[in-house]
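Notes follow the structure.
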Amino acid sequence: MKNADILVSGGGIAGPALAYWLRKSGFRPVVVERAPAPRPGGQSVDLRGAGRTVIERMGLLDQVRELAVDQRGIALVDRHGKHIARMPTELFGGEGIVSDLEVLRDDLATVLYRATAADVEYLFDDTVTALHEDADGVHVTFENAPPRRFDLVVGADGLHSTVRRLAFGPESELVSPLGCYTAWFTARTELDLDGWFLMYNAPGGLVASARPGRRPGELKAGFSFRSGPLSHDRRDRAAQQRLLTERFAGRGWETDRLLAAMAGADDFFFESLGQVRLDAYSRGRIALIGDAACCPTPLTGLGTSLALVGAYLLAGELASAHGDFTTAFARFQDRMKPYAAKAQDLPPGGVAGYAPNSRAMIALRATSMRWMTRRPFRSLMEAQAAKAGDVELPDYRNVPAVQGR
């Protein structure tokens, strides 16, 4: 069988989803993941549009529904906790700011891992350190495992993709920062959300949030702030938390309580927001999917859809082309790129709308949300919601599996 051995870098959502479809078609994927096990924690992710269709075709939708987070919608609050604007989940056909089917990132990743673990090799606690491509394949060097050869390599390893850096160029040339930093963590604190995803804006481009978790006594908290480039060690958790404390302490609502809970969180994550816009999603025998290829940022709510759709389309095109990667990669790009381009368009206002600097703009944000159900503003939200399903998904399940399994 031609080009059957495929390395997938990244064990989050895009990587296991790709491995699932590759294995279904008779390929032999191997997934390498830097973490020692499936990563815990993470916020709720939206399962909407074409992404939901992919999960349904995998036969996993019922499992995911059982793990769904119960949320009434999103509500903006003032410094005293009073709701100043709301958007219930049922608006816009369940495709509004908060989807009617949201699941914690680690829950979705676990479902995908369990669906593949029996017949897909996983290399945990490891990462790619070098890629050397020749006419017959790619020689891959790992941090811990012995070197191996693969026919193809796919980077599904996120915004800071190692595969993209090694094969496409430095991150500084390929990631466009949006001037915003964000942190997520699980908070075990008493805070009555009444089922709502609560979001608080403070002057200076500050955003604090709390949303329901799935387990009793847990909520998912977040801090975001606008800023120019910061010099920070991505692995220095203590320094990141000091930075957040300096910016958010005493700023109103429940910021102090959430800061106190942050110190004890075992899944704290700090990240800069940036988008990846590539001319091509492949070079030679190496391809990219998910955030590594076309990160839209969490502001769009479409990152999970792009990851799942990208995995489905890439595996499907490889199967349809019987392993001819040149043909498959070109077809994948033709199908995926228009969908990704639309998904990367930020909601009205972009970062400035999400994290306003002034009190006047904060008030305008609340007014805009209240008006979203009225014309002409409703059409803007409907257009944003429609992006999630605006892609053709061929039924590759009818493509015969390649031989040589």
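Keep in mind that what you see is a predicted model, and the values were worked out from it rather than measured. Note that these values count all heavy atoms, side chains included, but never hydrogens, waters or copies made by symmetry.
Applying the salt bridge (Lys or Arg N to Asp or Glu O under 4.0 Å) test to pairs two or more places apart or on separate chains, those with a residue in residues 203-213 are Glu102-Arg211. Contacts classified as salt bridge (Lys or Arg N to Asp or Glu O under 4.0 Å) and involving residues 279-297 (residues at least two apart or in different chains) are not found. Pairs passing the ring-ring contact (aromatic ring centres under 6.0 Å, His included) check and including a residue from residues 121-175, sequence neighbours excluded, read Tyr113-Tyr122, Tyr113-Phe124, Tyr122-Phe124. For residues 298-322, the set of pairs meeting the salt bridge (Lys or Arg N to Asp or Glu O under 4.0 Å) definition, not counting sequence neighbours, comprises Glu317-Arg335. Each side-chain hydrogen bond (donor to acceptor under 3.5 Å, both in side chains) pair with one or both residues in residues 347-366, not counting sequence neighbours, appears once here: Asn201-Arg365, Ser224-Tyr354. Residue pairs that meet the side-chain hydrogen bond (donor to acceptor under 3.5 Å, both in side chains) test with at least one member in residues 300-316, sequence neighbours left out, are Arg57-Tyr312.
A search for side-chain hydrogen bond (donor to acceptor under 3.5 Å, both in side chains) contacts involving Asp107 returns Arg214, not counting sequence neighbours. A search for side-chain contact (heavy atoms from CB on, under 4.5 Å) contacts involving Asp62 returns nothing, not counting sequence neighbours. By the salt bridge (Lys or Arg N to Asp or Glu O under 4.0 Å) test, Asp266 is found to be paired with no residue, residues two or more places apart in sequence or in another chain being considered. Contacts of Asp157 classified as salt bridge (Lys or Arg N to Asp or Glu O under 4.0 Å), with partners at least two apart in sequence or in another chain: none. The side-chain contact (heavy atoms from CB on, under 4.5 Å) search around Pro170 returns Ser172, Glu173, not counting sequence neighbours. Remark: Asp267 pairs with Phe185, Thr186, Lys220, Ala265 by the side-chain contact (heavy atoms from CB on, under 4.5 Å) rule, at least two apart or across chains.
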Task: Candidate pair Val351 and Thr297, rule side chain to side chain contact (heavy atoms under 4.5 Å, CB included), full reasoning - done: CA-CA 10 Å; Val351 171; Thr297 80; over 6 Å; no
- [ ] Verify side chain to side chain contact (heavy atoms under 4.5 Å, CB included) between Trp21 and Arg23, making sure each step is shown before the conclusion.
- [x] CA-CA 5 Å; Trp21 291 112; Arg23 195 69 192 94; over 6 Å; no
- [ ] Please assess Val138 against Leu7 for the test side chain to side chain contact (heavy atoms under 4.5 Å, CB included), listing each intermediate value before the final yes or no.
- [x] CA-CA 9 Å; Val138 184; Leu7 177 68; over 6 Å; no
Task: Stepwise side chain to side chain contact (heavy atoms under 4.5 Å, CB included) test for Glu121 and Val31 - done: CA-CA 6 Å; Glu121 180 184 358; Val31 179; over 6 Å; no
Open item on the list: With side-chain hydrogen bond (donor to acceptor under 3.5 Å, both in side chains) as the criterion, how do Arg277 and Gln275 come out once you've worked through the C-alpha distance, each side chain's angles and the decisive distance to 0.1 Å?
Closed with: CA-CA 6 Å; Arg277 296 177 183 266; Gln275 290 191 323; 3.0 Å; yes
Task: Stepwise salt bridge (Lys or Arg N to Asp or Glu O under 4.0 Å) test for Glu171 and Arg165 - done: CA-CA 6 Å; Glu171 182 173 310; Arg165 174 176 56 81; over 6 Å; no
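Residues Thr89 and Arg72 fail the side-chain proximity criterion, which asks for heavy atoms closer than 4.5 Å. Residues Val8 and Val30 fail the side-chain proximity criterion, which asks for heavy atoms closer than 4.5 Å. Counting heavy atoms from C-beta on, the side chains of Arg331 and Leu313 never come closer than 4.5 Å. The shortest distance between side-chain heavy atoms of Leu243 and Phe225 falls below 4.5 Å. Put simply, the side chain of Met58 reaches to within 4.5 Å of the side chain of Leu112, judged on heavy atoms. Taking 4.5 Å as the limit, some side-chain heavy atom of Ile362 sits within range of a side-chain heavy atom of Pro203. Taking 4.5 Å as the limit, some side-chain heavy atom of Ser320 sits within range of a side-chain heavy atom of Tyr396. Using a 4.5 Å heavy-atom threshold, the side chains of Trp371 and Met369 count as separate.
Of all heavy-atom pairs spanning Arg251 and Ala202, the tightest one is O-CB, 4.2 Å. Counting all heavy atoms, side chain and backbone alike, Ser209 lies closest to Leu258 at O-CD1, 3.8 Å. Taking all atoms of both residues into account, the shortest heavy-atom contact from Gly290 to Ala14 is CA-CB, 4.4 Å. Nearest heavy-atom pair across Ala187 and Ala261 is CB-CB, 3.8 Å. Heavy atoms only, all atoms of each residue included: Ala183 and Phe268 are closest at CB-CE1, 3.9 Å. Minimum interatomic distance between Met336 and Cys294 (heavy atoms only, all atoms of both residues): CE-SG, 4.3 Å.
Of the residues Val32, Asp125, Asp126, the one that meets the side-chain contact (heavy atoms from CB on, under 4.5 Å) test with Glu143 is Asp126.
Ring orientation note: the planes of Phe270 and Tyr181 are close to parallel, at an angle under 30° on the 30°/60° scale.
Ile13 CD1 to Thr110 OG1: the interatomic distance, rounded to the nearest 0.5 Å, is 10.0 Å. Summarising the geometry, atom OG1 belonging to Thr127 is positioned 4.0 Å from atom CZ belonging to Arg34; distances are rounded to the nearest 0.5 Å. Atom OG1 of Thr327 and atom NE2 of His322 lie 10.5 Å apart (nearest 0.5 Å). Atoms CG and CD, on Leu61 and Glu66 in that order, are 10.5 Å from each other to the nearest 0.5 Å. Here the straight-line distance linking atom CG of Asp324 with atom CZ of Phe329 works out to 10.0 Å at 0.5 Å rounding. Considering CG of Leu306 and SG of Cys295, their distance stands at 9.0 Å, rounded to 0.5 Å.
No more than 12 heavy atoms of other residues, nucleotides or ligands shown are found within 6.0 angstrom of CG on Asp70.
Remark: the backbone N or O of Gly73 is not paired with any side-chain donor or acceptor of Gln71 at under 3.5 angstrom. In this structure, the side chain of Asp46 does not engage the main chain of Arg48 through any donor-acceptor pair within 3.5 Å. Between the side chain of Arg164 and the main chain of Gly169, no donor-acceptor pair closer than 3.5 Å is present. Panel note: side chain Asp151, backbone Ala4; a donor-acceptor pair is recorded below 3.5 Å. Remark: side-chain polar atoms of Thr255 are paired, donor with acceptor, to backbone N or O of Gly252 under 3.5 angstrom. Remark: the backbone N or O of Thr141 is paired with a side-chain donor or acceptor of Thr129 at under 3.5 angstrom.
A salt bridge links Arg39 with Glu33: at least one charged nitrogen is closer than 4.0 Å to a carboxylate oxygen.
In this model, a donor atom of one side chain and an acceptor atom of the other lie less than 3.5 Å apart for Arg370 and Thr367.
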